[in-house]
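First listed ligand is number 1; within each ligand, the first listed atom is number 1.
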Amino acid sequence: MTFLYFNRPSKRNAMSPQLHYEMDDALGWLAHDDETKVLILTGKGESFCAGQDLKLYFRQNFDDPVEWARSQAAANAWRWHKISGFPKPTIAMVNGYCFGGAFTPVCACDIAICADEATFGLSEVNWGVIPGGIVSWNIAQLLNHRDAMFYAMTGLPFDGKKAAEMKLVNYSVPLAGLREETTRIANILLEKNPYALRYTKEAVRHVRGMEHDQAYNFLAAKLQALQHVDKEKGMEKGLSSFLDEKKHKPGFGTFDR
Ligand code: ACO
């Protein structure tokens, strides 16, 4: 498993243009890195990420339209497209402050686990803007309407337990056990056939918003495509392990690859 860090701890890991360019490069590279089988996104120090760097991303960029456009494009590319389309499983491990623009990569990850003690906030309204980038779209998709409106409009912070209750994350654990728990889940994913995992995440992500017939046909094509790309011939092995060798019960876990 590979840990990818927000790494500006002295600035609570706020996202500067430079951070966006580096994350964009890193994710492009990690997508094709054979050693990276599960990606865990987290923050160095006591923060996950304090949102956009209000000085370097906003104030400084306002006078430079070219840099503004460049950094906006990179910010959107890595936080949404490169993470949501990452060909391997992704886990957001939210270890502390998570504000504004940091919601997007959390929502883009396949799985999110946070510390009970983490502090989340849609703080945009507190300094006079809207949840921009695509944060409003993220919360409209993932949260129920009442929660999305309440936290976007009041700007009130909430803790990790509340984030779990609202299903912004899968669940929360005490900070002291966060890394161990995230690693445990990553290890479960590492046991699986990576081709089946990739197609599973693409299937679940893409059927959202499809009509029944479209989804049915899309999934049938995906299943067929998986048989072609799966170099491990996982389905044959999995069936044989249960039906012929009677070595494992798929209901309780994956077969021994
Ligand atoms: N942008 C720029 N600098 C930041 C940011 C940020 N988003 N967050 C923290 N920093 C800097 C501080 O300016 C300070 O720098 P300095 O040491 O050079 O003065 C340093 O990080 C430490 O910050 P403190 O405020 O001293 O840390 P504290 O632990 O007391 O508070 C907190 C942390 C709550 C995160 C606070 O810094 C804060 O409210 N930050 C802004 C959060 C925010 O609203 N982000 C924008 C969301 S909207 C969007 O992303 C579009």
Visitor: Using a plain distance cutoff, I'd like to know if G101 has any nitrogen or oxygen under 3.5 Å from a nitrogen or oxygen of ligand 1.
Guide: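 Among all N and O atoms of G101, at least one is under 3.5 Å from an N or O of ligand 1.
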Visitor: Just by distance, do the side chain of N170 and the backbone of A112 share a donor-acceptor pair under 3.5 Å?
Guide: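 Yes: the side chain of N170 pairs with the backbone of A112.
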Visitor: Is S10 near ligand 1, meaning one of its heavy atoms is under 4.0 Å from it?
Guide: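 It does; at least one heavy atom falls under 4.0 Å.
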Visitor: So if I count the atoms of ligand 1 from 1 in the order they appear, which ones are less than 4.0 Å from some heavy atom of F58?
Guide: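 Answer for ligand 1: 51 (C).
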Visitor: Heavy atoms of the protein only: does one fall short of 4.0 Å from atom 25 (O) of ligand 1?
Guide: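 No, no protein heavy atom sits under 4.0 Å from atom 25 (O) of ligand 1.
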Visitor: Output yes when a side-chain donor or acceptor of Q227 lies under 3.5 Å from a complementary backbone atom of L223, and no otherwise.
Guide: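 Judged by distance alone, yes, a pair lies under 3.5 Å.
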Visitor: Kindly state if atom 36 (C) of ligand 1 has a protein heavy atom within a strict 4.0 Å cut-off, that is, under 4.0 Å?
Guide: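 No, because not a single protein heavy atom sits under 4.0 Å from atom 36 (C) of ligand 1.
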Visitor: Quick check: does any side chain N or O of N187 sit under 3.5 Å from a backbone N or O of T183, one acting as donor and the other as acceptor?
Guide: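 A pair under 3.5 Å: yes.
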Visitor: When you check the side-chain N and O atoms of S241 and H248, is any donor under 3.5 Å from an acceptor?
Guide: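 Yes, a side-chain donor-acceptor pair sits under 3.5 Å.
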Visitor: Take H20 and Q52, measure what side chain to side chain donor-acceptor pair (under 3.5 Å) needs, and give me the verdict at the end.
Guide: CA-CA 10 Å; H20 289 306; Q52 298 290 9; 2.8 Å; yes
Visitor: In the protein, what heavy atom is nearest to atom 23 (O) of ligand 1, and what distance, to one decimal place, separates them?
Guide: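 Checked against all protein heavy atoms, atom 23 (O) of ligand 1 sits closest to R12 CG, 3.9 Å.
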Visitor: Tell me which protein heavy atom sits closest to atom 5 (C) of ligand 1, plus the residue, atom name and distance to 0.1 Å.
Guide: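 Result: A14 CB, 3.8 Å.
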Visitor: Side chain to side chain donor-acceptor pair (under 3.5 Å), that's the test. Do S71 and N61 meet it? Break it down for me.
Guide: CA-CA 9 Å; S71 55; N61 260 350; 2.9 Å; yes
Visitor: For atom 33 (C) of ligand 1, which protein heavy atom lies nearest, and how many Å away is it?
Guide: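 Scanning the protein heavy atoms, the shortest distance from atom 33 (C) of ligand 1 goes to Y97 CE1, 3.6 Å.
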Visitor: Nearest protein heavy-atom contact for atom 47 (C) of ligand 1: which residue, which atom, what distance?
Guide: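 Among all protein heavy atoms, the one nearest atom 47 (C) of ligand 1 is S123 OG, 3.3 Å.
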Visitor: Less than 4.0 Å between atom 14 (C) of ligand 1 and some protein heavy atom, yes or no?
Guide: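 Under the 4.0 Å cut-off, atom 14 (C) of ligand 1 has no protein heavy-atom neighbours at all.
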Visitor: Under a 4.0 angstrom heavy-atom cut-off, which atoms of ligand 1 come close to G51?
Guide: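 With G51 as reference, the close atoms of ligand 1 come out as 50 (O).
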Visitor: Under a 4.0 angstrom heavy-atom cut-off, which atoms of ligand 1 come close to E124?
Guide: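 That gives atoms 48 (S) of ligand 1.
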Visitor: Give the C-alpha distance, both sets of side-chain angles, the deciding distance and a yes or no for side chain to side chain donor-acceptor pair (under 3.5 Å) between N13 and S47.
Guide: CA-CA 6 Å; N13 296 326; S47 288; 5.1 Å; no
Visitor: Is atom 39 (O) of ligand 1 less than 4.0 angstrom from some protein heavy atom?
Guide: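 No, there is none.
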Visitor: Heavy atoms only: which of Q52, R59, M15, K55 lies closest to atom 51 (C) of ligand 1?
Guide: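 Minimum heavy-atom distance to atom 51 (C) of ligand 1 goes to Q52.
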Visitor: Return yes or no for this condition: an N or O of W127 is under 3.5 Å from an N or O of ligand 1.
Guide: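 No.
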Visitor: Measure from NZ or CZ of R12 to the centre of the six-membered ring of F99 and say whether it is under 6.0 Å with the direction within 45° of the ring axis.
Guide: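 Pair R12/F99 does not count as cation-pi.
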Visitor: Yes or no, since that's all I need: does a protein heavy atom fall within a distance strictly under 4.0 Å of atom 28 (P) of ligand 1?
Guide: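 Yes.
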Visitor: Any carboxylate oxygen within less than 4.0 angstrom of a Lys/Arg side-chain nitrogen, looking at E67 and R70?
Guide: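 Salt bridge: yes.
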Visitor: Has N95 got a side-chain atom pairing as donor or acceptor with L175's backbone, closer than 3.5 angstrom?
Guide: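 No.
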Visitor: Assess whether a salt bridge exists between E202 and R198, defined as any Lys/Arg side-chain N lying under 4.0 Å from an Asp/Glu carboxylate O.
Guide: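 Looking at E202 and R198, the cut-off is met.
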Visitor: Give the residue, atom name and distance (to 0.1 Å) of the protein heavy atom nearest atom 1 (N) of ligand 1.
Guide: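 The closest one turns out to be L54 N, 2.9 Å.
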Visitor: Tell me the closest heavy-atom pair linking L4 and A26, and the distance in Å.
Guide: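 Heavy atoms only, the tightest pair is CD1-CB, 4.2 Å.
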Visitor: For atom 45 (N) of ligand 1, what is the closest protein heavy atom, and at what distance to 0.1 Å?
Guide: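 Minimum-distance protein heavy atom for atom 45 (N) of ligand 1 reads A50 O, 2.8 Å.
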Visitor: Quick one: nearest non-hydrogen protein atom to atom 19 (O) of ligand 1, plus distance?
Guide: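 That would be K11 NZ, 4.7 Å.
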